[in-house]
Amino acid sequence: MAVKNNYNSINKCRISESSKLINILQLGKQPLANSLKTTLNESEEKYPLSISFCEESSLLQLNETIDKELLFDHYVWVTGTSQTAQNYANTFVDRLIAVSACDQNDLIIEIASNDGTFLKPFISKGFKNVLGVDPAKNIAKIADQSGINCISEFWSSSIATQIVSDSGLAKVVFARNVIPHVSELLDVIKGIEFALKADGVGIIEFHDAAKILEELHYDSIYHEHLCYFSIRSMTYLLNRFGLNPFHIEISPISGGSWVIYFSKNKQEESADLKQAVTQEANDKVNQLASWLNFAERAKIHQKETLDILESLNGKKIVGFGSSARSQTYLNYCAINNNQIEAIIDNNSLKQGLFTPGSSIPIVNFQCGMGMDPDLIFILAWNFRDEIVKQCRSYGYKGNFLVPFP
């Protein structure tokens, strides 16, 4: 690894350790997606943003690794601000209990538990032994205040050892929408394997590479997301630690994710898993040519975006959803506060700040709608239905622009 200021560039695959990496797409130098600015002209660091592909593991991955403390010690994404996530939490937990056959006395661990939104349903169902692990001290504090036992640390094999020593082995360890963010990936999976009972169940939720490929989600490429897993590459990683996938389900998170279930014992693979693996092969998700084509499509989409905005010159455009993914899109297309007046975001931690790179003010819903926009540009397009409903109920009668899928 070549070490630069606050980041490294990889020279081997993050999971196979093969040195045969093939460059796919360069998205230019970009600020960190969650490094919102307090003032319009605040200076900011920018880092290269590019992806490559490993044919051995089939993993699409970021070439750059930013120091994790810089990314996650103080975090602004709060799970509970999304109604979609809140609604999904109960469904997720019901499915997890059914598949894992865990009971109320079992130890349940969530890695990167954020504000505890996905642990609360366990508490309400009478589970007594629930533990969250999250590095962001500001967010872990929110979880603690709502009655969730939370350790404010990065998950690792050493933290797993400490937890097992204090509390015993876990029946369930789950990690939602986090494993793709992890730089010490092999040590994190080693920790999951160590913490699980012999008959325990592990669950990992990850943004589906097939969705990224098919629907051109290049906006989901940012410095926090180091890996873009397919079922095949996730299976490759788990198998390295003697963990065996046996079931898979669909999640609505990130515009389309998988939830994969695995165990130390080999179990009969479910029909859902077999079907998903077959579909992925048919869609050529694990082929190099598919990703080279993805890069070409991203360049065309960038040009189309700029052409549309050019045609809307003179219209008052307000964005909706200052998500991390929207920062990649805005900065790749060089969109700024000349084209977009402001961006509405329902997360109060972001309101009053400015987007990184593009320097667009982030405002609350009332303020954004009070600007009387001609057009609402839905940047957090994965919450499109929720956003359209909120704007229409306010009385907005104008058009929406949705960049993806």
Side-chain angles (χ1 to χ4, degrees), residues 5-7 27-49 64 66-67 69-78 81 136 138-139 218-225 302 305-381 383 387 390-391 394 396 398 400-403:
N5 295 342
N6 296 325
Y7 80 96
L27 291 154
K29 280 198 159 186
Q30 299 224 12
L32 302 181
N34 278 309
S35 60
L36 305 178
K37 303 191 289 187
T38 52
T39 60
L40 187 63
N41 299 315
E42 190 177 308
S43 66
E44 53 193 336
E45 284 285 326
K46 292 188 179 180
Y47 305 90
L49 186 64
E64 297 78 27
I66 306 289
D67 287 355
E69 283 79 10
L70 199 61
L71 290 174
F72 301 117
D73 265 3
H74 190 88
Y75 205 49
V76 293
W77 165 253
V78 181
T81 56
N138 62 319
I139 308 282
Y218 67 82
D219 63 330
S220 65
I221 299 164
Y222 50 94
H223 294 106
E224 283 175 23
H225 285 180
Q302 177 195 45
T305 296
L306 294 172
D307 289 347
I308 289 168
L309 288 174
E310 181 74 24
S311 74
L312 294 166
N313 199 7
K315 301 272 186 197
K316 187 178 285 185
I317 302 172
V318 169
F320 204 126
S322 184
S323 57
R325 66 194 315 151
S326 70
Q327 315 308 346
T328 293
Y329 177 52
L330 294 171
N331 284 301
Y332 179 55
C333 295
I335 297 165
N336 57 35
N337 52 22
N338 292 322
Q339 291 121 311
I340 298 180
E341 194 103 353
I343 297 175
I344 297 167
D345 201 287
N346 292 330
N347 181 346
S348 60
L349 294 179
K350 297 182 182 183
Q351 292 159 8
L353 302 175
F354 295 84
T355 58
S358 51
S359 302
I360 302 166
I362 303 168
V363 298
N364 66 28
F365 181 72
Q366 296 300 123
C367 178
M369 298 310 286
M371 291 177 177
D372 197 20
D374 297 310
L375 179 83
I376 291 175
F377 196 168
I378 302 184
L379 297 165
W381 55 265
F383 298 112
I387 289 167
Q390 190 180 357
C391 294
Y394 179 85
Y396 174 72
F400 296 92
L401 182 61
V402 186

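Numbers for residues simply follow the sequence, beginning at 1. Only this structure's heavy atoms are used, side chains among them; waters, hydrogens and symmetry mates stay out.
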How long is the straight-line distance from [atom2] of [Y] back to [atom1] of [X], given to the nearest 0.5 Å?
| X | Y | atom1 | atom2 | value |
| --- | --- | --- | --- | --- |
| Leu353 | Thr39 | CG | OG1 | 10.0 Å |
| Ile362 | Cys367 | CD1 | SG | 12.0 Å |
| Ile344 | Phe377 | CD1 | CZ | 13.5 Å |
| Leu36 | Thr38 | CG | OG1 | 10.0 Å |
| Leu401 | Leu309 | CG | CG | 7.0 Å |
| Leu379 | Thr328 | CG | OG1 | 11.5 Å |

If you look at every heavy atom in [X] and [Y], which pair is closest and at what distance?
| X | Y | value |
| --- | --- | --- |
| Pro356 | Ala33 | CG-O, 3.7 Å |
| Ser311 | Ile308 | OG-O, 2.6 Å |
| Lys37 | Ser359 | NZ-OG, 2.6 Å |
| Tyr329 | Pro403 | OH-CB, 3.4 Å |
| Ile340 | Ile360 | O-CG2, 3.7 Å |
| Asn347 | Leu349 | OD1-N, 2.9 Å |

Heavy-atom side-chain proximity of Tyr332 to Ile221 below 4.5 angstrom: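 No, too far: nothing below the 4.5 Å cut-off.
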Close side-chain approach of Gln30 and Tyr222, heavy atoms under 4.5 Å: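 In short, these two side chains do not touch, never coming nearer than 4.5 Å.
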Residues forming a ring-ring contact (aromatic ring centres under 6.0 Å, His included) with Tyr47, sequence neighbours excluded: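 Checked Tyr47 against ring-ring contact (aromatic ring centres under 6.0 Å, His included); matches are Tyr7, His223.
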Side chain to side chain contact (heavy atoms under 4.5 Å, CB included) between Asn337 and Phe354, worked out: CA-CA 10 Å; Asn337 52 22; Phe354 295 84; over 6 Å; no
Polar side-chain atom of Gln339 near backbone of Ile335 as donor-acceptor pair, under 3.5 Å: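 Side chain of Gln339 to backbone of Ile335: no pair is present.
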Backbone N/O of Leu27 and side chain of Tyr218: donor-acceptor pair under 3.5 Å: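 Checking the backbone N and O of Leu27 against the side chain of Tyr218, no donor-acceptor pair under 3.5 Å is found.
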Glu224-Asn34 side chain donor-acceptor pair, cut-off 3.5 Å: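 A donor-acceptor contact under 3.5 Å links the two side chains.
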Sole candidate of Asn336, Ile343, Thr305 that passes side chain to side chain contact (heavy atoms under 4.5 Å, CB included) when paired with Leu330: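 Running side chain to side chain contact (heavy atoms under 4.5 Å, CB included) over Asn336, Ile343, Thr305 with Leu330 returns exactly one hit, Ile343.
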Summary of ring-ring contact (aromatic ring centres under 6.0 Å, His included) pairs that have at least one residue in residues 355-376, sequence neighbours excluded: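 For residues 355-376: Phe365-Tyr394.
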Residues 314-323 side chain polar contacts: donor-acceptor under 3.5 Å, at least two apart:
| from | atom 1 | to | atom 2 | distance (Å) |
| --- | --- | --- | --- | --- |
| Lys316 | NZ | Met371 | O | 3.1 |
| Ser322 | OG | Gln327 | NE2 | 2.9 |
| Ser323 | OG | Ser326 | N | 3.2 |

